[in-house]
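Computation of the quantities below employed the complete heavy-atom set of this structure, encompassing side-chain atoms and omitting hydrogens, waters and symmetry-equivalent molecules.
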Amino acid sequence: MTPDEIAELRTKYYNATVASLKLPNEDLMIVRVQPDAGVQAHRAGQYSTLGMGHWEPRAPGCQDELAKPGEEKKLIRRAYSISCSVLDDAGQLPEQANRDWLEFYIVLVRQAEKAPPALTPRLFVLKEGERIFMGEKIAGHYTLDPVKPTDNVLFLSTGTGEAPHNYMLWQLLRNNHQGKILSACCVRYKRDLGYLPTQEVLMKRHANY
C-alpha cells in the first residue's frame, strides 16, 4: 500500500490519540487513550474496544502473519477492560479517575496456536501522540454495583486481568470503603506486575487494603 492510501485509512478509522504509554517491560504496556469525542460516562470494571488496521507494522519477534487477500484494508478490534493507575502523577488518590482518557493494561502476545496474533503486535509499535481506533461503546456487568460499604472485597486475577480491579480499587478507596479489600494477582515473573509500585504505596496508606 502507498503512504497516501495508509494515511487515508488512518483518517477514516482512527478516532483517538495515544496520550501516554509506559512499558513496565518489553512485553507489557500501560497505555492511555484519549478519544476525540471525549470519555463517555462509564463504571469501574467495564470495557471498551481498541483497534488498529492490518496495514500497520508489527513488533519484531512475533509469529509471522499471512495476510489474506482484501484483508489489508480492514480494522482489527479487540475488547479490553478499562484499567486505572489509582494514584495520579503526584502520587495522590484523584477525585475522578480517567477524566480525559481511558487506561488499558495490555500484554504482547507473540505467538498463538490457532492463528498468529493480529492486534497486540501492532499496539506495541505505537508511540505517544499516534492515532488509534477506540470503540464508542463502553459496556460490561462486572462492576461494584452489588458491593455494600461494609463488605469485604476479594479481587483475584492473573496478569493483565488485574486491570478492572485497579479501577474498582480506586472507586472503593475514593469512597472510603469500610470493609477489607484484598487484591491478588498471579504472574510468572515479578517483572510482570506492572502496577506493583502503586499497590505497595496503597497498602502502606490504607489499613484496610
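- Taking hydrophobic clusters as Ile, Leu, Val, Met, Phe, Trp and Tyr residues chained together by side-chain heavy-atom distances below 4.5 Å, Phe104 does not share a cluster with Val109.
- Cluster annotation: Met52 and Val125 are assigned to distinct hydrophobic clusters (Ile/Leu/Val/Met/Phe/Trp/Tyr, side-chain heavy-atom contacts under 4.5 Å, transitive).
- Under the side-chain hydrogen bond (donor to acceptor under 3.5 Å, both in side chains) criterion, Glu5 pairs with Thr2, sequence neighbours left out.
- By the 4.5 Å heavy-atom criterion applied to side chains, Leu173 and Arg205 are not counted as neighbours.
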- Query: Could you walk me through whether Lys127 and Val18 pass the side chain to side chain contact (heavy atoms under 4.5 Å, CB included) check?
  - Reply: CA-CA 7 Å; Lys127 296 180 177 62; Val18 176; over 6 Å; no
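- When all heavy atoms of Asp88 and Pro94 are compared, the closest pair comes out as N-CD, 3.9 Å.
- Side-chain atoms of Pro197 and Val201, non-hydrogen and from C-beta on, never get closer than 4.5 Å to each other.
- Between Thr120 and Arg78, the closest side-chain pair of non-hydrogen atoms falls below 4.5 Å.
- Atom CD of Gln34 is separated from atom OG of Ser20 by 10.0 Å, given to the nearest 0.5 angstrom.
- Heavy atoms only, all atoms of each residue included: Lys148 and Asp151 are closest at N-OD2, 2.8 Å.
- Taking CG of Asn208 as the start and CD1 of Ile181 as the end, the distance is 4.5 Å to the nearest 0.5 Å.
- For Glu8, the CD atom is loosely surrounded, since the number of other residues' heavy atoms within 6.0 Å does not exceed 12.
- Between the CD1 atom in Ile6 and the CZ atom in Arg10 there is a gap of 6.0 Å [rounded to 0.5 Å].
- Asn152 pairs by the side-chain contact (heavy atoms from CB on, under 4.5 Å) definition with Lys180, not counting sequence neighbours.
- Residues passing the side-chain hydrogen bond (donor to acceptor under 3.5 Å, both in side chains) test with Thr150: none are found, sequence neighbours excluded.
- Side-chain contact between Leu123 and Tyr80: present, with at least one pair of heavy atoms (C-beta onward) separated by less than 4.5 Å.
- Checked against salt bridge (Lys or Arg N to Asp or Glu O under 4.0 Å), Asp36 has the following partners two or more places apart in sequence or in another chain: Arg131.
- Following chains of ILVMFWY side-chain contacts shorter than 4.5 Å, one cannot reach Leu28 starting from Leu108, and the two form parts of different hydrophobic clusters.
- The shortest side-chain heavy-atom distance between Cys185 and Leu193 falls under the 4.5 Å cut-off.
- Residue pairs satisfying the salt bridge (charged side-chain N to carboxylate O under 4.0 Å, His left out) criterion with at least one member in residues 98-125, sequence neighbours excluded, are listed as follows: Asp27-Arg110, Arg32-Glu103, Glu65-Arg122.
- The ring pair (Phe, Tyr, Trp, His ring centres under 6.0 Å) contacts involving residues 19-43 comprise His42-Tyr167, where partners must be two or more places apart or lie in separate chains.
- Lys73 is listed as a side-chain neighbour of Met1, based on a closest heavy-atom distance under 4.5 Å.
- In this structure Arg58 satisfies the side-chain hydrogen bond (donor to acceptor under 3.5 Å, both in side chains) test with no other residue, sequence neighbours excluded.
- Within 6.0 Å of CG on Asp145 lie more than 12 heavy atoms contributed by other residues, nucleotides or ligands.
- Leu87 is listed as a side-chain neighbour of Leu202, based on a closest heavy-atom distance under 4.5 Å.
- When atom types are taken as modelled, the side chain of Arg174 and the backbone of Gln96 share no donor-acceptor pair closer than 3.5 angstrom.
- How far CG of Leu119 is from CG of Leu50: 7.0 Å, rounded to the nearest 0.5 Å.
- One hydrophobic cluster holds both Val147 and Ile82 under the rule that ILVMFWY side chains link at heavy-atom gaps under 4.5 Å.
- By the 6.0 Å contact criterion, CD on Glu95 is open, its count of non-hydrogen atoms from other residues, nucleotides or ligands being 12 or less.
- Atom OG of Ser183 sits about 6.5 Å away from atom CG of Asn166, to the nearest 0.5 Å.
- When all heavy atoms are compared, the tightest approach of Thr160 to Val107 is CG2-N, 3.8 Å.
- Partners of Gln40 according to the side-chain contact (heavy atoms from CB on, under 4.5 Å) rule, which considers only residues two or more places apart in sequence or in another chain, are Glu136, Ile138.
- Taking 4.5 Å as the limit, some side-chain heavy atom of Ile30 sits within range of a side-chain heavy atom of Pro24.
- With sequence neighbours excluded, no residue forms a side-chain hydrogen bond (donor to acceptor under 3.5 Å, both in side chains) with Tyr47.
- Rounded to the nearest 0.5 angstrom, Ile76 CD1 and Glu56 CD are separated by 9.0 Å.
- Between the Gln46 side chain and the Gly140 main chain, a donor and an acceptor come within less than 3.5 Å of each other.
- For Phe124, the ring pair (Phe, Tyr, Trp, His ring centres under 6.0 Å) criterion is met by no residue, not counting sequence neighbours.
- Nearest heavy-atom pair, Pro164 versus Gly45, reported as atom, atom and distance to 0.1 Å: CB-CA, 3.9 Å.
- Under the ring pair (Phe, Tyr, Trp, His ring centres under 6.0 Å) criterion, Phe155 pairs with His165, sequence neighbours left out.
- Pairing each heavy atom of Pro117 with each of Pro121, the nearest pair is O-CG, 3.6 Å.
- Residues Met203 and Val86 share a hydrophobic cluster, clusters being chains of Ile/Leu/Val/Met/Phe/Trp/Tyr side chains in contact below 4.5 Å.
- Sorted by first then second residue, the ring pair (Phe, Tyr, Trp, His ring centres under 6.0 Å) pairs that include residues 169-209, not counting sequence neighbours, are Tyr105-Tyr195.
- Looking at Asn25, its side chain does come within 3.5 Å of a backbone N or O of Arg191 through a donor-acceptor pair.
- Here the shortest heavy-atom pairing between Trp55 and Tyr14 reads CZ2-OH, 3.7 Å.
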